[in-house]
**Student:** 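One structure, pasted below without further comment.
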Amino acid sequence: MQKKKMEILEHEQLADDIFRLKLAGDIGARPGQFVQVGVASTLEPFLNRPFSVHNCTESSLTLLYRVVGRGTRLLAQRPKGAILSVVGPLGNGFPRTKKRQAVLVAGGIGVAPLYYLLHTLRAEGKDVSFLYGTKTAAEIVLENEFRSLVQEFHLTTEDGSAGKQGFVTELLPQVLAEKQADIFACGPSAMLRAVAKIATQMDLTCFVSLEAEMACGVGACLGCVVTGADGNYRRVCTDGPVFAAGEVFSFDS
Amino acid sequence: MTLDLTVKIGNLLLKNPVMPASGCFGYGEEYAAFYDLSCLGAIVVTGTTAEPRPGNPPARLVETPGGMLNAIGLQNPGVEAACEKIRRLQPYKTPVIVNVAGNTVEEYLQVIKVLEREETVAAYEINISCPNVKAGGMAFGTEPGTAAKLVAALRPATSKTLIVKLSPNVTDIVAVAKAVETAGADAVSLINTLLGMAIDVEQRRPVLANLTGGLSGPAVKPVALRMVWQVSAAVNIPVIGMGGISNAEDAVSFLLAGASAVAIGAANFRNPTVCPEVIAGIKDYLLRHGFQSVREITGLARTEEEKRRRAK
Ligand SMILES: Cc1cc2nc3c(=O)[nH]c(=O)nc-3n(C[C@H](O)[C@H](O)[C@H](O)COP(=O)(O)OP(=O)(O)OC[C@H]3O[C@@H](n4cnc5c(N)ncnc54)[C@H](O)[C@@H]3O)c2cc1C
Ligand SMILES: Cc1cc2nc3c(=O)[nH]c(=O)nc-3n(C[C@H](O)[C@H](O)[C@H](O)COP(=O)(O)O)c2cc1C
Ligand code: FES
């Protein structure tokens, strides 16, 4: 964990409102970890913005983000060569599991950390099925790369403009049916809840990566808590952002 | 020329006037990853109560122009468990100040009683100003008589340094400061957060589950500075100034207004190494202006202003 000044090597728009930002330097992050980025060099906006590690090598850190508000709008304006303040790596990351098969479920910009996880799992020789759902075709990124890397790829859009129409979770039971796989999911919380429910019903191991409003990102401010299945609060930044599904979702069966 | 950065707060001799603000630095361990905590003037740990407190439900924080609102609600493991965490700070050989909170006089006393056994604890910062808990908390800090009674009850329980953390959510902060000074406080620290609120207009509801929260960050600095100026003019005990300090220039302005030391809160969240950077910046300032001791600049803006006025 460190604070680093990192230079922007590449900054490109991949889809509607979605940007890929490549920074110079090694931060030594595992899949599922995140960084806090100072989007402005002035005091406004005041807080750093958390982004998942989209890729990490010995010479670069890549983020994939969607412009949703003030901070991400400012970030999108930072040109190649600009220096950003980055704190990380933060959080626990996805755990390494034993099963040979993995099913990754990405909703919208939740695809960001799963890209890095996918590469890591493939390097370990695992079979990966990738389910990717967005609202509409214009939000899809890196489809060809995903297709070329995985054993099985499914795409859904809510409006039917690409892939199968509907929610990505509708395909999940049939994808899981023929496998002995662990599930890794990142996306909107309604999607994560649906994935967790299917995993619970099928008695499969499932990890979800959560989001919360953050201030410090290091466990000090206690601002980012979510209520766990046991009723106790957990810090998304340090107890997560990755949780076993049963730790943060409960279902009355 | 050697630069003297030391300041005295009650019995404490601090190697420099910079410390993190309570609740913004956990029990220290989180920021130990970024730098050696022994560079700090003091380590101020989070608000600690007699029993464990789960804190408020989420959402607990929201960014606002020039700062943030928080409604953590004093989440802490309780004083017994806190002792273990505090002991881990012993190797830094830096005074540890524990922020003490409670709903009743007895609860404050109970926390102090447990902490009295801890050698690592050098001082107490009595939190009579937390805006985010239902009972007690700020209630002790809004009325001078009630604040004085609490301090008078705690004073005999310890010979360690007793700092009282004041609330800005009052009509007359000077009256509260004077009352706790008379009741035996060794120092006052100010300001705690300003009570505020945010509303999500799309969802037509308050953003924070607690409805209201405490405002901190650059947005509160002018208010905090004014209060430090007024309080330090009215009391004879040291003032620890805070509220919106993000850099050395901010810190120096609090010292010039009358603070003997400063605390840095929310700025740690955006810049985890802000405290050592501020220490270095204060040194630079003193050198640049030919001061030999940081104590020379405490209240200097006020004393020079008084001179100017008398000269007229
Ligand atoms: C651990 C973690 C990893 C993340 N990884 C990524 C990532 O890889 N790519 C990406 O695009 N985004 C990611 N996010 C979300 C990202 O942090 C927010 O989108 C960003 O902070 C919004 O900043 P803003 O100033 O543009 O928006 P604001 O103006 O602050 O807010 C605009 C809208 O975004 C919502 N929002 C703000 N902050 C968050 C947040 N932290 N989480 C969810 N919604 C938020 C607000 O409620 C509001 O509706 C991650 C968040 C967390 C906690
Ligand atoms: C997340 C958070 C938690 C806080 N917790 C406490 C606390 O437990 N006790 C306390 O006395 N003050 C607490 N404060 C107030 C700070 O110590 C400080 O007085 C205030 O934030 C103003 O300083 P700043 O603008 O530098 O943050 C908290 C502030 C924040 C932002
Ligand atoms: S963001 Fe501060 S504790 Fe998680």
Side-chain angles (χ1 to χ4, degrees), chain A residues 1-5 27-28 33 35-50 68-72 74 84-91 189 210-228 230-240 248, chain B residues 20-35 45-47 52-77 207-209 213 216-219 221 244 246-247 250 265-274 276-277:
Chain A
M1 194 158 72
Q2 52 187 317
K3 189 182 90 171
K4 267 192 149 169
K5 299 274 178 211
I27 195 140
Q33 290 191 294
V35 294
Q36 286 260 66
V37 178
V39 290
S41 45
T42 55
L43 287 174
E44 186 62 25
F46 183 62
L47 296 172
N48 296 334
R49 297 295 190 264
V68 295
R70 214 157 48 114
T72 44
L74 278 169
L84 295 180
S85 167
V86 176
V87 178
L90 304 170
S189 73
L210 301 188
E211 284 189 3
E213 294 279 332
M214 288 186 180
C216 70
V218 299
C221 74
L222 306 177
C224 64
V225 300
V226 292
T227 310
D230 58 5
N232 294 325
Y233 296 130
R234 283 169 182 70
R235 291 170 297 189
V236 172
C237 68
T238 41
D239 301 323
V248 285
Chain B
S22 175
C24 302
F25 211 69
Y27 287 91
E29 59 195 334
E30 289 82 7
Y31 288 93
F34 293 98
Y35 58 92
V45 302
T46 206
R53 281 184 62 105
N56 290 329
R60 288 180 176 185
L61 64 83
V62 57
E63 188 182 52
T64 53
M68 59 180 279
L69 287 165
N70 89 82
I72 309 301
L74 285 175
Q75 177 178 342
N76 79 96
V207 175
L208 298 173
S216 61
K221 196 184 75 176
S246 306
N247 51 44
D250 294 341
N268 290 285
F269 305 156
R270 74 176 258 126
N271 176 6
T273 53
V274 65
E277 285 168 26

**Student:** What part of Ala33(B) is in contact with chain A, defined as an atom under 4.5 angstrom from a non-hydrogen atom: side chain, backbone, both or neither?
**Tutor:**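 Contact with chain A involves both backbone and side-chain atoms of Ala33(B).
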**Student:** Can you name the side-chain contact (heavy atoms from CB on, under 4.5 Å) partners of Pro50(A), sequence neighbours left out?
**Tutor:**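 With neighbours one apart ignored, the set is Phe34(A), Gln36(A), Met214(A).
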**Student:** Quick one: are Arg49(A) and Glu63(B) in side-chain contact, heavy atoms under 4.5 Å?
**Tutor:**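 Touching, per the 4.5 Å side-chain cut-off.
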**Student:** Say you draw a straight line from CZ of Arg235(A) to CD of Glu30(B); how long is it, rounded to the nearest 0.5 Å?
**Tutor:**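 Nearest 0.5 Å value for the CZ-CD distance: 6.0 Å.
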**Student:** I need the Thr46(B) OG1 to Leu222(A) CG distance, nearest 0.5 Å.
**Tutor:**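 Between atom OG1 of Thr46(B) and atom CG of Leu222(A) there are 6.0 Å.
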**Student:** Checking heavy atoms, do the side chain of Ala219(B), its backbone, both or neither come under 4.5 Å from chain A?
**Tutor:**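 Contact with chain A: none, neither part.
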**Student:** When you look at Cys221(A) and Phe25(B), which way does the side-chain contact (heavy atoms from CB on, under 4.5 Å) test go after all the steps?
**Tutor:** CA-CA 7 Å; Cys221(A) 74; Phe25(B) 211 69; over 6 Å; no
**Student:** Which residues satisfy the ring-ring contact (aromatic ring centres under 6.0 Å, His included) test with Phe269(B), sequence neighbours excluded?
**Tutor:**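 Expected list: none.
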**Student:** Under a 4.5 Å heavy-atom cut-off, does chain B meet the side chain of Glu213(A), its backbone, both or neither?
**Tutor:**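 For Glu213(A), backbone and side chain are both near chain B.
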**Student:** Output the residues of residues 39-48 of chain A for which the shortest heavy-atom distance to chain B is under 4.5 Å, in residue-number order; output 'none' if no such residue exists.
**Tutor:**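 At a heavy-atom separation under 4.5 Å, chain B is reached by Ala40(A), Ser41(A), Thr42(A), Leu43(A), Glu44(A), Pro45(A), Phe46(A), Leu47(A), Asn48(A).
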**Student:** Taking side chain as everything from C-beta outward and backbone as N, CA, C, O, which of these in Tyr27(B) sits under 4.5 Å from a heavy atom of chain A? Side chain, backbone, both or neither.
**Tutor:**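 Neither part.
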**Student:** Are Tyr233(A) and Arg60(B) packed together at the side-chain level, in the sense that at least one heavy-atom pair is separated by less than 4.5 angstrom?
**Tutor:**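 In contact.
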**Student:** Heavy-atom pairs under 4.5 Å with chain A are the metric here; pick the option from Glu29(B), Gln75(B), Met68(B) that has the most.
**Tutor:**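 Looking at each of Glu29(B), Gln75(B), Met68(B) in turn, Gln75(B) comes out on top.
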**Student:** What residues form a side-chain contact (heavy atoms from CB on, under 4.5 Å) with Ala212(A), not counting sequence neighbours?
**Tutor:**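 For Ala212(A), the residues satisfying side-chain contact (heavy atoms from CB on, under 4.5 Å) (neighbours in sequence not counted) are Cys224(A), Val236(A).
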**Student:** With a 4.5 angstrom heavy-atom cut-off, which part of Phe34(B) approaches chain A: side chain, backbone, both or neither?
**Tutor:**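 For Phe34(B), the contact with chain A is made by the side chain alone.
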**Student:** Let's test your reading of the structure: which of Cys24(B), Gly28(B), Gly67(B) forms the most heavy-atom pairs below 4.5 Å with chain A?
**Tutor:**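 Top option by heavy-atom pairs under 4.5 Å: Gly67(B).
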**Student:** Pick whichever of Asn232(A), Val218(A), Val87(A) has the most heavy-atom pairs under 4.5 Å with chain B.
**Tutor:**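 Most pairs with chain B among the choices: Val218(A).
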**Student:** Under 4.5 Å, counting heavy-atom pairs only, tell me which of Ala267(B), Pro65(B), Gly23(B) racks up the most with chain A.
**Tutor:**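 If we count pairs closer than 4.5 Å to chain A, Pro65(B) comes out on top.
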**Student:** Using a 4.5 Å cut-off on heavy atoms from C-beta on, say whether the side chain of Pro57(B) contacts that of Thr227(A).
**Tutor:**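 The answer is no, as the side chains (C-beta and beyond) never meet within the 4.5 Å cut-off.
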